[in-house]
Amino acid sequence: MTEVFGHEQVVFCADRQSGLRAIIAIHNTALGPGLGGTRFYPYESEQAALADVLNLSRGMAYKNALAGLDLGGGKAVIIGDPATDKSEALLRAYGRFVESLNGRYVTACDVGTYSEDMDIVARESRFVTGRTVANGGAGDSSILTSFGVFQGMRASAQHIHGRSTLHGLRVGVEGVGKVGHRLVDLLIEDGASVIVCDVSERAVDQVRQRHPQVEVVASLAELVAEEIDVFAPCALGGSLDDSTVATLRARIVCGAANNQLAHPGVEKQLEERGILYAPDYVVNSGGVIQVADEIQGFNMDRARAKAGQIYDTTLKIFAIAAEEGVPPAVAADRLAERRMSEVGRLKGIWLGR
């Protein structure tokens, strides 16, 4: 499987006493060490965990490249239920494995892990970002993740409607967790009407408490069948499958979830239906921009300004797609691969040390 994705290194980690079972995947270090979060999730099998970490780490290589970062792509998964299996000993054991890679992989938060967890991991490793503000970190990376998705959505609206605002548009948001609920805040502030769905009633209730005008439907199938202008997948990946694309009424897809396309070819289906797809790893890169800024000493204004550039990058990808006659997802891949090739080759210039 690693041959299919072209990974440089995949490490299986186990510590029997703490119960740690983890996989760290480094896809590409052409631009620098692989940076990507740690996902803590109850995978059905080790094979399922491996497939996920390989896919996610590849996506991080492309995401970091298009975000303009001097970082490669990496990702880690911890197999287990974070609600019952997470412990100080497990996180510190995981930190030892991260440290053993000597900087080839830099970790951060993801699904099932938080800044407080990264503080514990950092007690065993120097190569940790996404830490709490109290410990010199950037804190919750969902702040700039949602901001970046909003910038991508503004660019999409500019491309389709000729105006960079969501005012007056109806946006369907799938998943109102760490990122999705912040995106709803930005959309409401911009004058959009919002309809949401989430498997967590608690998450939906929290959004409705803040914004009573938000509409709610019970499922993804109901959401995509609604008369919406924009569909924002902000849950786990794979939302855009054959069935979803066939029933989707939105003209724009722009959301925070990783790996939104269920399989190759979905991007072409979207294009054939006249649906503009803002590539997920482009628009959701605000979070990695935020945690990457910690490496040089975190400054929110600097990180936010860089995340604001997602608007221009998204428009550039749409322009390339139109010029080359390819879907935006293909144009984004080409742009990322070009940067990895052109900048990565500079390592061949010997510096004498």
Side-chain angles (χ1 to χ4, degrees), residues 7 9-27 33-57 59-60 64 71-145 177-179 200 236-237 258 287-288 290-295 297-298:
H7 284 69
Q9 186 176 9
V10 180
V11 179
F12 288 75
C13 315
D15 177 62
R16 185 172 298 177
Q17 275 195 292
S18 67
L20 173 72
R21 290 187 300 149
I23 308 172
I24 301 171
I26 300 171
H27 179 267
L35 170 65
T38 298
R39 179 167 293 191
F40 204 135
Y41 190 77
Y43 293 97
E44 294 179 1
S45 65
E46 189 175 89
Q47 192 66 23
L50 175 61
D52 200 30
V53 76
L54 291 178
N55 203 24
L56 290 167
S57 55
M60 287 305 305
N64 292 340
L71 294 163
K75 201 79 175 185
V77 296
I78 297 175
I79 303 170
D81 184 345
T84 56
D85 298 331
K86 189 187 296 182
S87 68
E88 178 187 350
L90 183 147
L91 291 172
R92 293 183 71 159
Y94 169 66
R96 300 285 289 185
F97 282 105
V98 173
E99 181 67 18
S100 74
L101 293 172
N102 199 33
R104 278 180 53 77
Y105 171 63
V106 181
T107 196
C109 309
D110 197 73
V111 175
T113 59
Y114 299 86
S115 296
E116 293 77 11
D117 298 325
M118 292 304 107
D119 284 346
I120 296 174
V121 174
R123 293 168 73 176
E124 302 293 341
S125 177
R126 296 163 289 167
F127 309 109
V128 183
T129 59
R131 299 190 61 187
T132 61
V133 174
N135 283 283
D140 185 359
S141 64
S142 68
I143 295 171
L144 290 190
T145 302
K178 285 198 289 187
V179 176
S200 168
L236 294 178
N258 288 309
V288 74
Q290 180 171 331
V291 298
D293 196 79
E294 286 185 31
I295 296 172
F298 183 66

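Worth knowing before you read on, the calculation uses all heavy atoms, side chains too, and leaves out hydrogens, waters and symmetry mates. Just so it is clear, the model here is predicted, and its values are computed rather than measured.
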message = Could you work out, with side-chain contact (heavy atoms from CB on, under 4.5 Å) as the rule, every residue matching Ala138, not counting sequence neighbours?
response = Gln290, Glu294, Phe298
Rounded to the nearest 0.5 Å, how far does [atom2] of [Y] lie from [atom1] of [X]?
X	Y	atom1	atom2	answer
Leu54	His7	CG	NE2	4.5 Å
Leu91	Met118	CG	CE	7.0 Å
Asp293	Ser141	CG	OG	13.0 Å
Leu20	Cys13	CG	SG	6.5 Å
Asn258	Asn55	CG	CG	9.0 Å
Asp117	Tyr94	CG	OH	11.0 Å

request  = Show the numbers, then the answer: is there a side-chain contact (heavy atoms from CB on, under 4.5 Å) between Val11 and Arg104?
outcome  = CA-CA 12 Å; Val11 179; Arg104 278 180 53 77; over 6 Å; no
For [X] and [Y], which heavy atoms make the closest approach, and how far apart are they?
X	Y	result
Ala93	Ser18	CB-OG, 3.9 Å
Pro82	Gly112	CB-O, 3.7 Å
Thr132	Glu116	CG2-N, 3.8 Å
Val77	Tyr43	CG1-OH, 3.3 Å
Tyr105	Gly37	OH-O, 3.3 Å
Val291	Gly130	CG1-CA, 3.6 Å

query = If you draw a 6.0 Å radius around CZ in Arg21, do more than 12 non-hydrogen atoms from other residues or ligands fall strictly inside?
reply = no
With a 4.5 Å heavy-atom cut-off, do [X] and [Y] have their side chains touching?
X	Y	result
Arg123	Arg92	yes
Lys86	Ile120	no
Pro33	Leu71	yes
Asp110	Tyr41	no

Check for a donor-acceptor pair, side chain of [X] on one end and backbone N or O of [Y] on the other, with a separation under 3.5 Å.
X	Y	value
Ser125	Ala122	no
His27	Met60	no
Thr107	Val128	no
Asp81	Ala83	yes
Asp52	Ala49	no
Asn64	Leu35	yes
Thr113	Thr38	yes
Ser142	Lys178	yes

message = Between Asp15 and Arg96, does the salt bridge (charged side-chain N to carboxylate O under 4.0 Å, His left out) criterion hold? Intermediate values first, please.
response = CA-CA 10 Å; Asp15 177 62; Arg96 300 285 289 185; over 6 Å; no
